[in-house]
Each structure stands twice: as C-alpha cells, then as structure tokens.
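Structure, as structure tokens:
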There are 2 protein chains.
Amino acid sequence: MAAASKREQIIDQALKLFYQHGFNATGVDKIISEARVSKKTLYNHFRSKNELILAVLRKRDELFRNNMMRETERMAVQPRERLLALFDVMGNWFHEETFSGCMFINASAEFSDLKDPCHILCAEHKRLICDYIEELAKQAGAQDPLELAKQLNLLIEGAIVNAHVEGDLEAGQRAKRMGEFLVDLALK
Amino acid sequence: MAAASKREQIIDQALKLFYQHGFNATGVDKIISEARVSKKTLYNHFRSKNELILAVLRKRDELFRNNMMRETERMAVQPRERLLALFDVMGNWFHEETFSGCMFINASAEFSDLKDPCHILCAEHKRLICDYIEELAKQAGAQDPLELAKQLNLLIEGAIVNAHVEGDLEAGQRAKRMGEFLVDLALK
DNA sequence: TCTATGGTAAACCTAACGGTATACCTTTAA
DNA sequence: TTAAAGGTATACCGTTAGGTTTACCATAGA
C-alpha cells in the first residue's frame with residue numbers, strides 16, 4: 001500500500017480514538033492496532049505521538065470547517081439565513097451518535113498551556129470559524145460584522161458545551177433563537 | 001496531623017494539579033509528592049485515583065458555586081443587576097493568572113462518556129449553576145425564568161470557552177452585553 | 001500503660017507508556 | 001534484474017502508571 005495512504009489510515013484511526021477517548025488516554029499501541037499498521041510505520045510518518053496529535057488536529061480542522069461551510073451553504077442561500085443555518089448544522093451534529101463535543105475544546109482541556117502547539121492550533125481553528133462567520137455577516141450587511149461574528153461564535157461554543165457536558169441536545173435550537181435576536185439587531 | 005486534614009491536603013493539591021495539567025496527565029506520584037503524604041495515606045483515604053478525582057470535583061463544585069454566589073451577591077443587590085453581575089464575576093475569573101477554563105468542561109473532555117461518574121458530576125454542577133441563575137431570574141420577575149437561566153448559562157459557557165481556548169479575556173464583557181439584551185427582553 | 005489508629009518511607013508488583021532496533025518481506029522503478 | 005523504499009512482526013528499551021506490601025513510628029483514648 002502506498003505510503004500516503006498508510007499515513008491517512010493512521011491519522012483517521014487516531015482521530016477516531018482521540019476524539020472518543022481523549023489524547024492522553026489513547027496510547028500509540030491502541031492506534032497502531034486499530035489502524036493495522038506496525039509501530040515502525042507510525043514512527044516513520046510521525047516523529048512522535050505529539051506530532052501525530054498535531055496532524056490529527058489539522059485534519060480535523062480541515063474536515064470540520066469544510067463540512068460546516070458546505071452544509072451551511074446547502075441549507076440556505078441568503079446570507080442572513082446562512083448565519084442562522086449555522087445553528088442548524090451544529091444542532092444536527094449534536095444529534096450524531098458519535099458526537100463527543102468539539103475536539104478543539106477537548107484538546108484545549110488537555111493541553112491547557114496557551115503556548116502549547118496543540119492549544120495554538122485549537123485557537124487557530126476557532127479563529128478560522130469566526131472568520132467564516134464574519135464573512136457571512138459582511139455579506140448580510142451587518143453593521144459590525146466582526147462583532148456579530150464573535151457573538152454568534154460565542155453562542156455556538158456555548159451550545160457545543162451545553163450539548164456535550166449536560167447532554168442537552170436542544171442547545172442548538174436555543175442558541176439559534178438567541179442568535180436570531182442578535183442578527184436582527186445587527187442588520188436593522 | 002489529623003486524618004481529616006491529610007485528606008483535605010491531598011484533595012487541595014490534586015485539585016491544583018488536575019486543574020492545571022488535566023486528569024490523565026497527572027499521576028498519583030506527582031500528587032503525593034506535592035501534597036507531602038505517602039502513597040499509603042492517599043490510598044487509605046481514597047480507593048483509587050478515580051475516587052480521588054470524584055472527591056476533587058465535588059470540592060471544586062462546592063468552592064466554585066459558593067464563590068460565584070458570594071461574589072454575585074456582593075456586587076449587586078437588585079435581582080436584575082445580579083443576573084448581569086454574574087458575567088462580571090466570570091470576567092474577573094478569566095483574568096486570574098491560574099485560570100485554565102472550567103474544570104467541569106475540562107473533565108467532560110477527558111471523561112466523555114455521559115454515563116461516566118465524573119461526567120455525571122460535571123452535568124450536575126452545570127445544572128446547579130443553572131438552578132441558581134433560575135432563582136435569580138425568578139426574583140427578577142422573568143416571564144420564563146428557566147428559559148432565561150438556560151440562555152444566560154449558555155452565554156456563560158460560551159464565554160468560558162472563548163476565554164480559555166482563544167485566550168479572549170474580553171469574552172466576559174461580550175457575554176454580558178448579549179445577556180443584557182436577553183434580560184431586558186425577558187423582563188419587559 | 002497498652003493498643004488501635006493513622007501516619008511515614010521505601011521497596012515492590014504488573015501493566016502500559018512512548019519510542020527504538022532487528023530481521024525479513026513486498027512492491028516498484030531504473 | 002536488482003536494489004532501494006517502505007512495509008511487516010516482534011522483541012526490546014527505560015520510564016512511568018496505578019496500586020500493594022512491609023516494617024516502623026507517633027499520637028491519643030480506654
């Protein structure tokens with residue numbers, strides 16, 4: 001099998017395990033066993049477990065944001081409606097069986113030092129999501145697109161935590177109702 | 001030294017370490033060394049590391065909510081103002097040097113199974129906080145105190161994540177502005 | 001005064017951790 | 001055809017994990 005494919009195989013399995021059980025709780029032995037590769041192969045592709053974690057987070061960021069944007073733009077056409085569709089996309093995610101919170105919030109909990117490369121990647125991910133919301137807010141003609149984006153982003157993060165910690169699957173709808181007020185306010 | 005005191009000593013040090021570095025990343029050897037007790041003593045008081053974690057979470061819940069209520073009620077007298085003072089209390093917390101996010105959100109990330117005793121305790125903590133906000137909302141004469149409480153709770157959780165993951169210390173103020181809007185709406 | 005009780009240090013247990021080394025096998029391209 | 005590249009399994013490394021055991025010491029209540 002091609003090297004690139006092995007690499008993806010490792011990342012994909014590591015992503016599943018890290019997401020479901022956490023980073024420190026998941027050993028490399030478990031990863032190679034699930035990915036059906038040898039330890040040598042893993043260490044050929046990644047210098048250390050930490051490098052693998054970074055690769056996993058980068059892939060997750062890519063997958064998550066692509067999916068978020070694709071779904072949002074599929075569900076609504078007008079910018080204002082797209083801002084609100086964001087909450088529906090989140091709500092659907094909460095209802096998935098494998099939902100286990102936001103991987104980047106989870107990672108920040110385990111790598112809490114703000115200067116830790118993993119934590120930096122998490123902050124970057126959140127910033128990119130905020131950028132996307134700001135772009136939608138601009139298209140919708142918001143008075144202060146950045147402020148609206150930060151507000152909606154805060155609502156989304158609150159909803160994710162609500163859904164994960166308290167198991168409140170309706171958090172997406174609640175956040176959407178709150179978001180509607182803010183969007184109306186920002187667009188009027 | 002009295003037994004009860006040793007127990008508290010262990011819990012206090014474990015709390016610091018778990019909060020700063022996470023649960024799985026903190027070994028019992030580190031805890032006993034920092035708490036200056038022998039391993040035997042730790043295992044006399046706690047059946048396992050997991051039991052210690054539960055004890056730590058219970059203590060953190062008690063300390064955190066007591067402080068939250070005390071500070072909120074010290075900062076404002078009128079129920080409406082107390083609802084908003086909650087965000088100031090959070091904002092001040094974010095600015096503390098030792099701030100490392102919400103310990104219960106962090107714990108939920110490492111013990112992601114909803115049926116895990118640790119996760120259950122985290123959900124309970126969040127519910128108790130919501131109960132307190134609901135009580136304030138009732139006193140303020142909100143039309144739907146539970147709904148308002150859930151909304152403000154979501155804002156608080158969003159602000160905590162914002163502050164921790166992105167290092168945005170102004171998240172408390174942003175959440176307060178959003179909260180003001182919702183409180184006005186719920187009281188009119 | 002005696003004896004639990006609960007403390008101590010330190011050795012020890014097994015299992016798992018992240019990571020390396022060895023030896024061999026398969027694919028692929030010059 | 002051959003040799004490099006990258007795969008495999010497996011054994012191994014030192015360290016650390018959670019947890020137990022041993023032997024001894026200090027205090028306090030009957």
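Just so we're on the same page: letters track the sequence lines, and every chain starts at 1.
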Would A:Asn24 and B:Glu110 satisfy side-chain hydrogen bond (donor to acceptor under 3.5 Å, both in side chains), going step by step from the backbone distance to the final call? CA-CA 9 Å; A:Asn24 281 306; B:Glu110 293 200 57; 5.1 Å; no
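C:dT20 atom C1' lies 13 Å from atom CG of A:Leu42, rounded to whole Å. Straight-line distance from the NE2 atom of B:His45 to the C1' atom of C:dG6: 8 Å, rounded to whole Å. One interatomic measurement links the two molecules: CD of B:Glu51 to C1' of D:dG18, which rounds to 14 Å at whole-angstrom precision. Nucleotide C:dC25 holds its C1' atom 13 Å from the NZ atom of A:Lys6, rounded to whole Å. Rounded to an integer number of Å, the gap from A:Phe46 CZ to C:dG18 P is 15 Å. Look at CG on A:Asn44: it is 14 Å from C1' on C:dT22, rounded to the nearest Å. In this structure, the CD1 atom of A:Ile32 is 13 Å from the C1' atom of C:dT20, given to the nearest Å. At whole-Å resolution of the value, CZ in B:Arg47 and P in D:dT20 are 12 Å apart.
A salt bridge links B:Arg74 to B:Glu71: one of the charged nitrogens lies within less than 4.0 Å of a carboxylate oxygen.
Checked against the 6.0 Å centroid criterion, the rings of B:His125 and B:Phe64 qualify as a close aromatic pair. Here the two rings, on B:Phe87 and B:Trp93, have centers that are 6.0 Å apart or farther.
The residue among A:Arg36 and B:Tyr43 whose nearest nucleotide of DNA chain D lies closer to the 5′ end is A:Arg36. Along DNA chain C, the nucleotide nearest A:Ser48 and the nucleotide nearest B:Val37 are compared for position; the residue whose nucleotide lies closer to the 5' end is B:Val37.
Remark: nothing in residues 13-26 of chain A comes within less than 4.0 Å of DNA chain D through any heavy atom.
Annotation: cation-pi pair A:Arg60/A:Phe104 absent, no NZ/CZ under 6.0 Å from the ring centroid and within 45° of its normal.
A:Phe181 and A:Leu136 fall within a single hydrophobic cluster, where Ile, Leu, Val, Met, Phe, Trp and Tyr are joined by side-chain heavy atoms under 4.5 Å apart, directly or via other members.
Phosphate proximity of D:dG18 to B:Lys49: present, with a side-chain N or O under 4.0 Å from OP1 or OP2. Listed pair A:Thr41 / D:dT8 meets the phosphate criterion, a side-chain N or O lying under 4.0 Å from OP1 or OP2. The phosphate of C:dA16 has neither OP1 nor OP2 within less than 4.0 Å of any side-chain N or O from A:Lys30.
Side-chain atoms of A:Lys39 lie closest to C:dG19 of the nucleotides D:dG19, C:dG19, D:dT21.
Proximity of a side-chain donor or acceptor of A:Ser100 to a complementary backbone N or O of B:Ser112 within less than 3.5 Å is not detected.
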